[in-house]
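Residue numbers start at 1 and run along the sequence shown. For clarity, every value in this text was computed on a predicted model and none was experimentally measured.
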Amino acid sequence: MTTIYWVSSSDELAAAIGRAEPGSSILLADGVYERNEDYIIEGKVGSDTAILSIRAVNKGKATIAGESSIRILNSAYVEVWGLHFQVEQRESIILDGSRHVRIARNRFEPRQVGAEYSLLSVLGSGSGWNRIERNEFGPKADLGPLVVFDGDGEQISQHDVIEYNYFHHIGPRVVNGLEAIRLGLSGISLSNGYITIQHNLFENCDGEPEIISVKSCYNTVRYNTFLNSAGQVTARHGHGNRFHNNAFIGDGVKEEMGGFRIYGNDHHIFDNYMENLTLDALLIDGGNYDGGSDGYPEAPTQEELRKHWRVYRASVVNNTIVNCRHGITLGKRIPYAPEQCVIAYNRICGKEQPAIYEYRPSPAVCINNHKADVADIRCPAILTRIDVGPDSD
């Protein structure tokens, strides 16, 4: 039998979390829940038919404030739904060693205080199969990625899905440390994530050069829309990532709006659309470290893991680039040019520029890339709002 806890204060919420078992529902009345201690959910292991649910009675009307995180430790099948987070100086939600957690329909709107923090962190041993969906993240000016996957020092969380979220108004610009999403770190970059980022909208995400920073292996970034965002989706570390069916739409004026920047081995970039961008639409960069053709050198140092790894076997196929300042660029960084790449069937139109520009000769195989007429190009449908499914979902 389901137990329902009705709460209307931070003390009642903390007490209900302590008592609740899998299958229970904690319902938050409208109001502000301000506290300077974490709400800790620990060792609550349910199932797909016994979910511990923490939900606002009215979506967006229950506000978590103060210096308090919802910390989900070594738990499974937990749901956090419909809350408004205005937390100061720290993460709003932390998933630590937890699986099958659903974070849905929340608004993350931090109070800007000049500190460094993320909004949602996934870390710890055994994390995986979590779903972050239909949330709003932003605005955010303080340092720290909005959503970050840090793993346990050796392995990133696996099989998570980040979908149908709205990331917006990140900035002003910093050199590093204000990504919308960061998948991994250099120290765990050779671990496999199998994480999917899909159907999200990124608007005016200007915080730093990497809107999404992929620092792990075998993840997928697909069906996302980037509107007037100064930065790029970057395969910064790791191998075997797939980037497809994304749309990048700029206004042709704001500087630093780009598409992709790639390092590492065996990435696939296909069926993407890029329009009115002011930075490289697609940069297959050179590297300052050669990790080798197999990509797994024996005992790389931390300094080597942090470097820009030479690109091997990137597949860049069937992308469309319209009215962008730069099209497909190979090998900006020195000294290691990309190796064994295939650049094929891409269409570039609208600017007086070569279809492919090489900073230094590269052994890339280029097949049937051509300049096209703008009239022949059809812009794909793009995501302009996040309201998929009824509010009760």
Q: Does R134 make a cation-pi contact with Y164, if we ask for NZ or CZ under 6.0 Å from the ring centre and within 45° of the axis?
A: yes

Q: Between N135 and R105, is there a donor-acceptor pair closer than 3.5 Å when you use the side chain of the first and the backbone of the second?
A: yes

Q: So, does H100 use its side chain to make a donor-acceptor pair with the main chain of N130 at under 3.5 Å?
A: no

Q: What I'd like to find out is whether the side chain of V161 reaches to under 4.5 Å of the side chain of I195, using heavy atoms alone.
A: no

Q: Do N276 and D251 come within less than 4.5 Å of each other through their side chains, counting heavy atoms only?
A: no

Q: Identify the two heavy atoms, one from D38 and one from R71, that lie closest to each other, and give their separation to 0.1 Å.
A: OD2-NE, 3.3 Å

Q: What's the spacing between R55 CZ and S25 OG if we round to 0.5 Å?
A: 7.5 Å

Q: Please enumerate all residues that pass side-chain hydrogen bond (donor to acceptor under 3.5 Å, both in side chains) together with Q89, with sequence neighbours excluded.
A: E67

Q: Decide whether V253 and L277 are clustered together by the hydrophobic rule: side chain heavy atoms of Ile, Leu, Val, Met, Phe, Trp, Tyr closer than 4.5 Å, transitively.
A: no

Q: Measure the spacing between CD of Q155 and CG of D152 and express it to the nearest 0.5 Å.
A: 7.0 Å

Q: For the atom pair OG (S69) and CD1 (I94), what is the distance rounded to the nearest 0.5 Å?
A: 4.0 Å

Q: Hey, do the aromatic rings of F248 and F260 have their centres closer than 6.0 Å?
A: yes

Q: Return the minimal non-hydrogen interatomic distance between D96 and S127, and the atom names on each side.
A: C-OG, 4.3 Å

Q: Within a strict 4.5 Å, meaning less than it, do heavy atoms of the I103 and L120 side chains meet?
A: yes

Q: Restricting to pairs with a member in residues 209-218, which pass salt bridge (charged side-chain N to carboxylate O under 4.0 Å, His left out), not counting sequence neighbours?
A: E210-R261

Q: Just by distance, no angles: are the side chains of H168 and E136 close enough, under 3.5 Å, to form a donor-acceptor pair?
A: yes

Q: Indicate whether the side chain of N200 and that of N224 have a donor and an acceptor atom separated by less than 3.5 Å.
A: yes

Q: Would you confirm whether N106, through its side chain, and G82, through its main-chain N or O, come within 3.5 Å as a donor-acceptor pair?
A: yes

Q: Mind checking what makes salt bridge (Lys or Arg N to Asp or Glu O under 4.0 Å) contact with R173, not counting sequence neighbours?
A: none

Q: What I want to check is whether the side chains of S186 and R306 have a donor and an acceptor closer together than 3.5 Å.
A: no

Q: Test of understanding: with side-chain hydrogen bond (donor to acceptor under 3.5 Å, both in side chains), list the residues that count as partners of Y77, not counting sequence neighbours.
A: none

Q: If only atom types and distance count, is the side chain of N241 paired as donor or acceptor with the main-chain N or O of H267 below 3.5 Å?
A: no

Q: Contact between Y39 and Y33 at the side-chain level, heavy atoms closer than 4.5 Å - yes or no?
A: yes

Q: Is there side-chain contact between Y117 and D142, with at least one heavy-atom pair below 4.5 Å?
A: yes

Q: Please tell me whether L143 and V87 are part of a single hydrophobic cluster in this structure, the criterion being side-chain heavy atoms less than 4.5 Å apart.
A: yes

Q: Considering non-hydrogen atoms only, spot the tightest contact between S75 and G43 and give its length.
A: OG-N, 3.2 Å

Q: Keeping to residues at least two apart or across chains, list the side chain to side chain donor-acceptor pair (under 3.5 Å) pairs with something in residues 44-53.
A: S47-T49, S53-E79

Q: Please tell me whether L123 and W129 are part of a single hydrophobic cluster in this structure, the criterion being side-chain heavy atoms less than 4.5 Å apart.
A: no

Q: Could you tell me which residues satisfy side-chain hydrogen bond (donor to acceptor under 3.5 Å, both in side chains) with N192, sequence neighbours excluded, listed by chain and number?
A: Y194

Q: Going by atom type alone, with no hydrogens or angles, which donor-acceptor pairs under 3.5 Å involve a side-chain atom of residues 284-293 and a protein atom two or more places apart or on another chain?
A:
| from | atom 1 | to | atom 2 | distance (Å) |
| --- | --- | --- | --- | --- |
| D285 | OD1 | K332 | N | 3.0 |
| D285 | OD1 | R333 | N | 2.8 |
| D285 | OD2 | Y263 | OH | 2.6 |
| N288 | OD1 | H308 | N | 2.9 |
| D290 | OD1 | G292 | N | 2.9 |
| D290 | OD1 | Y312 | OH | 2.8 |
| D290 | OD2 | R310 | NH1 | 3.0 |
| D290 | OD2 | Y312 | OH | 3.1 |
| S293 | OG | R313 | NH1 | 2.9 |

Q: First locate atom CZ of R99, then atom OG of S157, and finally report the distance between them rounded to the nearest 0.5 Å.
A: 8.0 Å

Q: Specify the closest pair of heavy atoms between C205 and I211, including all atoms of both residues, with the distance to one decimal.
A: O-CG1, 4.0 Å

Q: Do side-chain atoms of D150 reach the backbone of G184 as a donor and acceptor pair under 3.5 angstrom?
A: no

Q: May I ask whether W81 and F85 are part of the same hydrophobic cluster, defined by side-chain heavy atoms of I, L, V, M, F, W, Y residues being less than 4.5 angstrom apart, directly or through others?
A: no

Q: For this output row, return yes or no: ring centroids of F108 and H84 closer than 6.0 angstrom.
A: no

Q: Got a sec, which residues hit salt bridge (Lys or Arg N to Asp or Glu O under 4.0 Å) with E255, two or more places apart in sequence or on another chain?
A: R325

Q: Does any N or O in the side chain of K307 come within less than 3.5 Å of the main-chain N or O of W309, such that one atom is a donor and the other an acceptor?
A: no

Q: Within the structure provided, determine whether N346 and I321 are in side-chain contact (heavy-atom separation under 4.5 Å).
A: no

Q: Would you indicate whether the side-chain heavy atoms of I328 and I348 approach each other to under 4.5 Å?
A: yes

Q: Report the residues that fulfil salt bridge (Lys or Arg N to Asp or Glu O under 4.0 Å) with E88, sequence neighbours left out, ordered by chain and then residue number.
A: R111

Q: Step by step, work out the side-chain hydrogen bond (donor to acceptor under 3.5 Å, both in side chains) result for R242 and T220.
A: CA-CA 5 Å; R242 296 169 65 85; T220 298; 4.9 Å; no

Q: Does one side chain, of Y223 or N246, offer a donor that lies under 3.5 Å from an acceptor on the other?
A: no

Q: Show me, pair by pair, the donor-acceptor contacts under 3.5 angstrom made by side chains of residues 4-11, not counting sequence neighbours?
A:
| from | atom 1 | to | atom 2 | distance (Å) |
| --- | --- | --- | --- | --- |
| S8 | OG | E12 | OE1 | 3.2 |
| S9 | OG | E12 | N | 3.2 |
| S10 | OG | E34 | O | 3.3 |

Q: Any sub-3.5 Å donor-acceptor pair from D294's side-chain atoms to Y296's backbone N or O?
A: yes

Q: What residues, two or more places apart in sequence or in another chain, satisfy ring-ring contact (aromatic ring centres under 6.0 Å, His included) together with H237?
A: none

Q: Can you list everything that forms a salt bridge (Lys or Arg N to Asp or Glu O under 4.0 Å) with K254? Sequence neighbours excluded, please.
A: D206

Q: Quick check: do D160 and I132 have side-chain heavy atoms less than 4.5 Å from each other?
A: no

Q: Applying salt bridge (charged side-chain N to carboxylate O under 4.0 Å, His left out), run through R222 and D271 and close with a yes or a no.
A: CA-CA 10 Å; R222 64 186 181 186; D271 292 338; over 6 Å; no

Q: Looking at P300 and L190, what are the two nearest heavy atoms and their distance?
A: CG-CD1, 4.5 Å

Q: Are any side-chain N or O atoms of S118 and backbone N or O atoms of G144, one a donor and one an acceptor, separated by less than 3.5 Å?
A: no

Q: Looking at every non-hydrogen atom in both residues, tell me the closest pair between S216 and S191 and how far apart they are.
A: CB-O, 3.7 Å

Q: Is the backbone of R35 close enough, under 3.5 Å, to the side chain of S68 for a donor and an acceptor to pair up by distance?
A: yes

Q: Is there a chain of hydrophobic side chains (I, L, V, M, F, W, Y, each step under 4.5 Å between heavy atoms) that links Y336 to I343?
A: no

Q: Keeping the roles fixed (side chain from E91, backbone from L119), state whether a donor-acceptor pair exists under 3.5 Å.
A: no

